[in-house]
Enquirer: 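The structure under discussion is supplied below as structure tokens; questions concerning it will follow.
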Amino acid sequence: MLLSLDKVTTYYGQMRILEGISLQVGEGELVCLLGGNASGKSTTLKTVLGVVTPRSGRVLLDDKDVTGWPVPQRIARGIAIVPENRRLFGQMTVRENLEMGAVLRHREKLDDDFDRVHALFPRLLERRNQLAGTLSGGEQQMVAMGRALMSRPRLLLMDEPSMGLSPALVQQNFQIISEVHQSGVAVLVVEQNAAMALSIADRGYVLSTGEIVLTGSAAELLRSEDLKRAYLGR
Amino acid sequence: GSSSPSGSAAAKSCTTTIGMEGPLTGPVASLGQEQLHFAELAVANDNKANHTKISLVQGDTQLNPADATTVTKEFVSNSKMVAVVGPAGSQEVEAVGPLFARAGMAFISGSATDPSLTTSGKNPTFFRTVSNDNVQGPQDAHYIINTLKPKALMIVDDEESYSTDLVSIMIPIFKAAGIKVDHESVSQSVTDFSSLVAKITPAETVVVLPWQIAANAQQFGRDMAQEHKKAVIFGTDGLYSPGTFEIAGSYVSSFGPDIHTIPADASLVAQAQAKYGSFGTFGPPVYAATHVVDEAIAAVCKGGHAPTRANVLAAIKKTNESTSILGKPISFTAHGDPKNGQFFLFKINSKGTYNNIPY
Amino acid sequence: MSQLATDEPAPVAPAGPQVGADEWVARQAQRREYLPSWLGGTERLVEKVGWWPRLGLAAAAGLVLPLLHVGQFQLQVGIDSLVLALLALGLNVTVGWAGLLDLGYVAFFGFGAYGFALVSSDQLSAQGVHWPAYFSIPVVVVATGLLGLLVGLPSRRLSGDYLAIITLFFGEAFYEITNTVASSKLGGEDGIVGIDPIRGFGVQLLSTEQYYYLMVIFVVGAMIVLRLLEFSRTGRSWRAIRDDPLAASAMTISVDKVKLMAFAFGAMVAGLAGTEFAAQQVSIAPTDFTTQYLIMIYACLILGGAGSIGGAVAGALVLNVVLDGILRNPTYTGYLFYGLIVIALLVKLRPWRRLALVAGSTIVFGYALHAIAAAISHSWVSGSLQSGGWIASALRGWVIVPASATGPGDWGFVLLICMLIALAQVHGRTRTLLLVPTIYLAAFTWETLLGTPTNASITRYIIIAVVLIVMMIARPQGLLGTRRVEVPT
Amino acid sequence: MTAPSQPASPPQEGQQPLLALDKLSLGFGGLRALADLDLQVRDREIVSMIGPNGAGKSTVFNVITGIYRPTAGDVRFAGGSIVGRPPHIIARHGIARTFQSLRLFMNMSVLENVLAATYGSTRASPVESVLRLPRHRREERQNRVLAHDILAFFGQRLAGYRWDQPAYSLSYANRRRLEIARALATKPKLLLLDEPAAGMNPTETHEITELIGRLRDELDLTILVIEHDMHVVAGCSDRVLALDHGVKIAEGGFDTVASHPAVVEAYLGRDPEALAAEPGGPGGSPTQGGTKDR
Amino acid sequence: MSFFLQELVNGVTTGALYALIALGFSMVYGVLKLLNFAHGDLYMVGGYIGFFIIRWFGGAAKLFIPVPLLVTIMFVAAAVVVGGLGVAMERFAYRPLRNAPRIAPLITAIGISFFLENAALLLFGAQYRVYNTPDFISYSSGIQIGSVSIDSVQIMVLVMGLFIMIGLQQLINRTKLGKQMRAVAADREAAEMFGINVNFTIAAVFFLGSALAGVAGVMAGLLFNTVYNTIGFLAGLKAFTAAVVGGIGSIPGAMLGGLMIGIAESFITGYISSIYVDLIVFGILIVVMLVRPTGLLGRAQLQKV
Ligand SMILES: Nc1ncnc2c1ncn2[C@@H]1O[C@H](COP(=O)(O)OP(=O)(O)OP(=O)(O)O)[C@@H](O)[C@H]1O
Ligand SMILES: Nc1ncnc2c1ncn2[C@@H]1O[C@H](COP(=O)(O)OP(=O)(O)OP(=O)(O)O)[C@@H](O)[C@H]1O
Ligand SMILES: [Mg+2]
Ligand SMILES: [Mg+2]
């Protein structure tokens with residue numbers, strides 16, 4: 001398994017957010033993580049990345065226990081993230097933001113990667129010297145995606161990557177995710193648009209108040225009455 | 001020590017406490033710590049000599065009237081305390097005088113020189129071991145006018161009470177003598193004088209620095225040398241600091257001679273240096289003040305009385321020391337000023353030594 | 001708009017976890033913000049008593065205090081603390097609520113004091129100006145408020161730390177003007193002396209007790225006024241511009257006006273504090289209104305919890321009582337020092353058996369070291385302990401005090417700091433192990449350096465510094481403050 | 001296909017529009033964010049603004065609410081020009097908005113967020129407040145009723161027991177709702193909603209769509225919405241305006257605009273039929289039954 | 001004219017020193033948005049370190065090592081020790097407050113400042129410690145242009161100040177560490193998510209900033225000869241002012257702000273009067289701030305709504 005969480009429990013200060021989560025992502029798999037507001041989806045991704053450390057349970061990368069590892073070491077093993085709310089470096093240019101994506105790749109030529117990102121998002125080439133903070137919401141989302149791709153990850157974590165994007169871009173975004181996935185990258189994606197996400201995913205998990213309440217293949221989940229009742233309506 | 005019967009009897013009865021107020025921390029801690037050290041020294045020495053058991057309690061005022069008030073209230077409400085050495089600043093004395101008066105408690109400052117402290121009548125229990133500015137200011141001004149004969153001069157105060165009071169006394173005298181005066185002002189925390197020094201004109205052959213921090217004056221002198229200014233520095237009390245202020249050709253007027261050079265003080269100087277390192281001019285007057293208090297207490301005890309505030313106050317009023325650490329007799333006027341406030345004038349030679357010259 | 005009231009059923013809390021519901025998180029947050037164990041219990045208990053009864057209790061306690069046979073000095077500390085509390089309350093409006101970093105605040109205090117002094121002394125003319133207090137205080141307070149408006153004007157263009165520097169300039173300028181520039185009018189370094197007491201209608205306040213009561217009344221009054229303001233239109237607008245000025249302006253709040261009001265209001269409270277200060281002190285000088293004192297006011301407010309009325313007062317009382325009431329007395333300082341070590345161990349070391357282990361090892365360690373040192377040279381242990389009473393008897397034979405303590409004490413102090421920093425780095429067993437020599441070293445440093453009478457005044461500040469640092473680490477939101485989130489801009 | 005509640009029609013001649021943008025232009029450095037934009041919004045109309053990312057939609061809101069100042073052109077509201085007025089004055093004229101990147105008063109409670117927005121419609125001075133004079137008491141009473149009414153709009157989502165919780169403890173979706181509530185508390189005539197459904201799941205999105213309709217029906221509001229979710233746009237708008245590069249590229253009913261070649265090309269990326277039919281939304285998706293089931 | 005030039009030289013020298021202190025202050029601010037009021041006290045520690053090194057090598061008049069070596073040792077030691085102190089301070093006192101309200105670290109800074117000032121008083125005493133620079137670097141070793149004299153210490157301060165500023169500017173714009181610093185400044189959590197070692201970066205910033213303060217302390221000792229335990233307060237205030245006036249967080253801004261204040265002080269002292277110097281300088285600065293609310297070289301906080 002590329003990534004597996006083993007009974008992970010995470011707190012923010014005194015507040016328990018995740019409760020015994022177990023989850024797997026295989027090499028080259030596209031897994032989607034669903035759940036209502038504040039169910040702990042973003043927290044799960046942060047736990048994988050190591051921004052927050054679980055109080056109990058283990059995080060395994062390539063079957064190696066990385067629970068106590070700092071973020072840079074995990075990233076060096078090939079993780080990248082498209083964070084919630086984009087989190088760009090507002091006072092830096094678009095170009096510099098993209099560079100930061102590859103900050104751990106020492107002394108490598110980045111030209112190819114820039115070309116690849118610019119091919120995906122031509123707007124970023126056009127705006128490469130604009131300060132990221134002045135971009136429109138959707139443009140920022142493009143930078144966030146591009147930044148994550150710059151590090152040539154093996155596992156890409158995406159937290160609501162299509163939030164605030166125009167329909168065309170949402171389409172394109174899902175297409176990009178599919179392409180990235182097809183190129184052999186494993187993807188763990190959090191999405192509000194469950195149906196759309198499941199339509200490209202291999203498998204899915206449903207989180208509710210910090211616990212995994214449903215899991216299965218994408219097709220199963222799409223058919224699941226539980227999901228319809230619990231997640232898509234109430 | 002000796003163990004004469006009278007001595008041990010006195011020690012038994014003569015257990016009491018005195019206070020010490022000064023800026024022990026904060027921006028002018030250098031001044032207050034030196035005062036503290038000399039007060040401690042005096043108490044230790046006098047206890048040994050007089051077989052008394054006086055203990056010293058310190059109160060940090062940071063040269064701040066409000067803090068001085070708080071400390072004074074603490075001291076006044078401490079029933080064991082009979083007299084206080086300090087506080088250091090004139091504005092502090094102003095604030096705490098009435099409190100001491102109400103408590104009938106004597107307090108002796110070793111550095112507050114504002115003339116009005118003794119003349120206003122608001123501080124009946126106040127004494128000081130330093131002469132006030134009304135003596136020093138005119139004396140220095142006339143010396144400068146008559147002997148150094150400048151056409152113009154620069155006078156720089158350090159924004160502290162002592163300094164500005166002195167300056168405001170001197171300036172009219174210079175003006176009356178037809179001397180052009182350039183009045184400047186730098187705070188004690190400034191250590192860069194190059195811009196000020198650049199301002200000295202060739203006509204200004206004298207620079208008057210009524211400062212308290214000798215190291216600053218030394219730097220001033222160095223900045224003058226660096227910018228090739230030839231004026232003569234005339235400093236007062238605080239600049240009296242052999243080893244720190246040693247700009248050749250400068251004059252320093254001081255309320256006392258250098259205790260380093262008084263043969264009688266040699267052992268004391270050695271003692272202080274061993275214990276606290278080098279020192280300047282703020283310590284000795286406080287030593288003298290503490291000594292006055294110690295002696296008064298001892299006298300009360302010797303007379304068979306209890307060292308109460310009233311008794312000690314009365315004894316301090318009667319102080320009549322034929323000699324002191326300051327190299328001159330100490331006794332007080334009815335207002336609490338030292339009698340026959342005498343000043344000494346020194347000229348620094350090229351080796352940095354201070355030579356006493358007549359006014 | 002009341003026709004909008006829909007006939008939705010009363011909200012019901014859902015049972016059990018539910019997909020898409022975030023109720024439990026909010027609840028959880030509420031339940032878990034309490035401190036663990038008895039501390040949390042106390043907190044909850046205090047919360048059960050409402051705000052107004054709590055104020056009533058505190059005020060009653062304050063008024064009763066002088067009856068309990070306290071000395072002039074204790075009352076003076078009380079007055080000083082209450083003046084600080086009043087200042088912290090005013091600052092709470094500008095900084096705690098409106099979020100305007102006003103570093104010139106102490107000048108408003110000074111302005112109030114000088115204003116009162118000028119019209120209540122012989123400073124202005126030969127016979128002097130002697131207005132009665134019921135006239136002079138309102139005039140001075142309003143004048144300070146106007147000055148606040150003036151100083152606040154740049155806040156319309158400047159934000160955050162840029163505003164801080166302008167106000168800092170203003171504070172320094174005030175000092176310069178009173179101390180140097182306008183020294184002939186304002187008395188220069190010597191300030192103004194012979195200020196009238198508070199008087200009017202044939203009454204004069206002369207004694208410390210009277211001023212103490214007056215200050216209690218002012219502080220309680222200010223707390224009431226601020227509480228009434230906090231949840232009014234004005235108070236809400238202050239807190240709104242702190243969180244997000246841009247959103248506030250889009251929500252009909254005139255940001256500039258509200259900022260100016262916050263400035264003016266804070267200034268008026270400071271001005272009021274100034275008048276009381278001047279009347280009570282009888283004389284004032286520029287050095288009473290320096291940046292050092294400003295720092296003190298800020299420390300009170302933040303220690304207590306910025307944004308909290310009770311916190312501002314509590315911070316001032318705690319800080320000033322510790323600083324003036326306790327740390328001015330070397331004996332108390334010693335108790336405080338050893339007491340803090342013991343409390344820190346009690347709070348931090350769990351389970352108890354670890355505590356027992358550390359305590360036991362420390363004792364053994366000390367006696368062993370003492371024996372070794374004594375065997376090598378008598379002069380190593382022949383110094384005298386600084387602590388008195390039972391502490392001394394407990395420490396004798398345990399802690400080394402060399403005959404000449406200064407040098408070793410200095411090195412001990414430096415080493416102690418290094419050890420403390422090291423303690424912050426290590427965890428688990430190493431930390432427990434390191435605790436033993438650290439505790440011993442602390443005692444050694446105290447007995448040879450910090451506890452000596454010569455250093456009492458310096459130690460006082462060192463302790464207060466450590467208390468400030470540790471308090472902020474332990475409770476960043478302040479004693480009575482609530483957790484807040486900063487909205488990144 | 002979801003039908004708009006009123007037939008789309010261009011603003012009629014003679015009837016004065018509530019809001020009129022007249023040749024509005026704005027540049028940032030070399031970038032032209034808005035270019036000669038015209039728009040008229042009638043009373044009680046719901047107009048949606050769509051357009052690719054960076055088209056200038058949020059910028060239009062910022063100009064209307066006085067946060068940005070246009071380089072040329074005019075904004076008229078209820079007959080008078082409001083260009084150059086400070087934001088709080090414009091808000092007091094009756095224009096309220098939400099922000100694309102949420103800007104709540106995070107450390108104030110839910111209720112207080114709403115109450116804070118009544119600043120412009122109340123008058124009590126600090127003195128009146130401290131003395132609890134009648135005006136203060138009356139206004140506070142009215143404010144509370146108002147807040148209650150507004151929050152009731154969101155049903156259980158912002159139910160009473162969480163009114164005293166700080167805004168930061170709310171989930172993302174609830175923060176969006178609170179922003180709308182806060183905007184309503186300024187008693188606006190015109191409400192500007194910037195992506196109200198972003199970050200919400202299909203159910204919640206549907207709720208928001210309904211809410212927008214109810215706001216118009218029950219409060220007589222005129223509403224301008226920016227939204228990328230076609231379900232919302234289709235579900236609530238009387239009229240749709242499509243922007244690209246700060247220029248209007250199409251205007252009219254949803255169907256007209258959505259099938260406009262320029263819009264399809266620049267924005268939708270494909271056929272609107274397929275869009276509305278895609279799974280996950282209330283518009284004919286397999287989950288539709290679920291969403292209606294309340 | 002020569003008077004003008006002399007005052008200019010004096011002002012530039014003092015200004016360079018202010019700038020150096022402001023640089024460190026501004027760096028820390030830039031990354032953590034923290035007003036580190038303890039910065040001035042680090043400068044004080046630097047001053048003391050220089051003093052004790054002179055003493056260890058025989059004292060000003062009787063040095064037993066060559067002067068360039070001594071000066072190098074002074075700078076290196078002050079940079080390393082004070083830098084280390086800054087790192088320790090960050091680790092121990094500031095790190096626990098990373099996620100606290102912005103006003104909380106202000107009190108920690110005040111606490112640290114109290115602590116350093118009084119620990120210095122305790123350990124080094126209250127006396128003014130004097131470097132006696134002219135005893136080992138003579139005034140005549142400088143250059144003399146007409147009647148304007150620039151001594152070698154002044155030249156050293158100016159040259160070093162210039163090099164340090166250029167170096168820092170390069171570091172921040174060109175190197176990886178610099179980029180990481182800017183990223184951490186922009187969004188700490190996001191920076192962490194991309195593998196930037198945030199703790200290391202912040203520690204590095206504290207080290208550099210504090211080391212600059214240490215170096216400035218030695219320079220001040222060489223220039224003005226005197227160190228004592230409270231010199232940090234005024235220096236910190238000047239640094240804060242210089243940093244803000246220049247545009248807080250901006251390296252060239254801090255330099256410009258420092259120079260401006262130094263030169264203004266010098267000219268006001270020279271042409272008007274030292275009595276009004278602070279007031280007039282404040283006046284000028286207020287006008288500058290009102291004309292450019294974000295400081296001379298500060299970039300306006302962009303507000304994309
Ligand atoms: N840094 C933090 N400190 C404290 N609490 C936090 C923090 N971050 C998140 N939380 C809380 O943890 C809970 C779960 O948050 P999380 O962001 O993981 O939810 P989510 O499933 O991603 O929700 P959404 O759909 O709104 O993005 C939320 O209620 C939030 O209030
Ligand atoms: N303050 C600013 N400084 C510079 N450029 C800006 C600023 N505000 C907006 N822009 C630019 O103006 C253009 C329009 O931005 P706007 O936010 O209006 O887009 P939008 O239509 O709302 O897009 P989205 O749907 O992605 O939110 C963008 O290209 C953006 O980069
Ligand atoms: Mg999330
Ligand atoms: Mg937008």
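Every value quoted in this text rests on a predicted model; they were computed, and no experiment measured them. In the text below, chain A, chain B and the rest are named by the order of the sequence lines, each starting its count at 1. What's counted below: heavy atoms across the whole structure, side chains too, no hydrogens, waters or symmetry copies.
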Enquirer: Report yes if some heavy atom in the side chain of Ile81(A) is under 4.5 Å from a heavy atom in the side chain of Phe194(E); otherwise report no.
Expert: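 Contact flag for Ile81(A)/Phe194(E) side chains = yes.
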Enquirer: On a heavy-atom basis, which atom in Ala186(E) and which in Gly90(A) lie closest, and how many Å separate them?
Expert: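 For Ala186(E) and Gly90(A), the tightest heavy-atom pair comes out as CB-N, 4.1 Å.
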Enquirer: So what's closer than 4.5 Å to chain E heavy atoms on Leu88(A): side chain, backbone, both or neither?
Expert: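 For Leu88(A), the backbone is the part near chain E, not the side chain.
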Enquirer: I'd like to know which of Glu99(A), Arg74(A), Met150(A) tops the heavy-atom pair count under 4.5 Å against chain E.
Expert: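 Looking at each of Glu99(A), Arg74(A), Met150(A) in turn, Glu99(A) comes out on top.
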Enquirer: Does Arg128(A) CZ have over 12 foreign heavy atoms under 6.0 Å away?
Expert: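 Open: at most 12 neighbouring heavy atoms sit under 6.0 Å from CZ of Arg128(A).
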Enquirer: Out of Asn199(E), Val198(E), Asp187(E), Val184(E), return the one with the most heavy atom pairs under 4.5 angstrom to chain A.
Expert: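 The answer is Asp187(E).
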Enquirer: Determine the option with the most heavy-atom pairs under 4.5 angstrom with chain A, choosing from Gln180(E), Met193(E), Lys179(E).
Expert: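 Maximum pair count with chain A is reached by Met193(E).
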Enquirer: Are any of the side-chain heavy atoms of Ile196(E) and Met100(A) separated by less than 4.5 Å?
Expert: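 They are in side-chain contact.
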Enquirer: Answer with side chain, backbone, both or neither: which region of Ala185(E) has an atom nearer than 4.5 Å to a non-hydrogen atom of chain A?
Expert: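 The answer is neither part of Ala185(E).
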Enquirer: How long is the straight-line distance from CG of Asn197(E) back to CD of Gln73(A), given to the nearest 0.5 Å?
Expert: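 Between Gln73(A) CD and Asn197(E) CG, I get 9.5 Å after rounding to 0.5 Å.
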Enquirer: Can you list the steps and then say if Arg87(A) with Glu189(E) is a side-chain contact (heavy atoms from CB on, under 4.5 Å)?
Expert: CA-CA 8 Å; Arg87(A) 308 300 288 265; Glu189(E) 199 180 335; 3.4 Å; yes
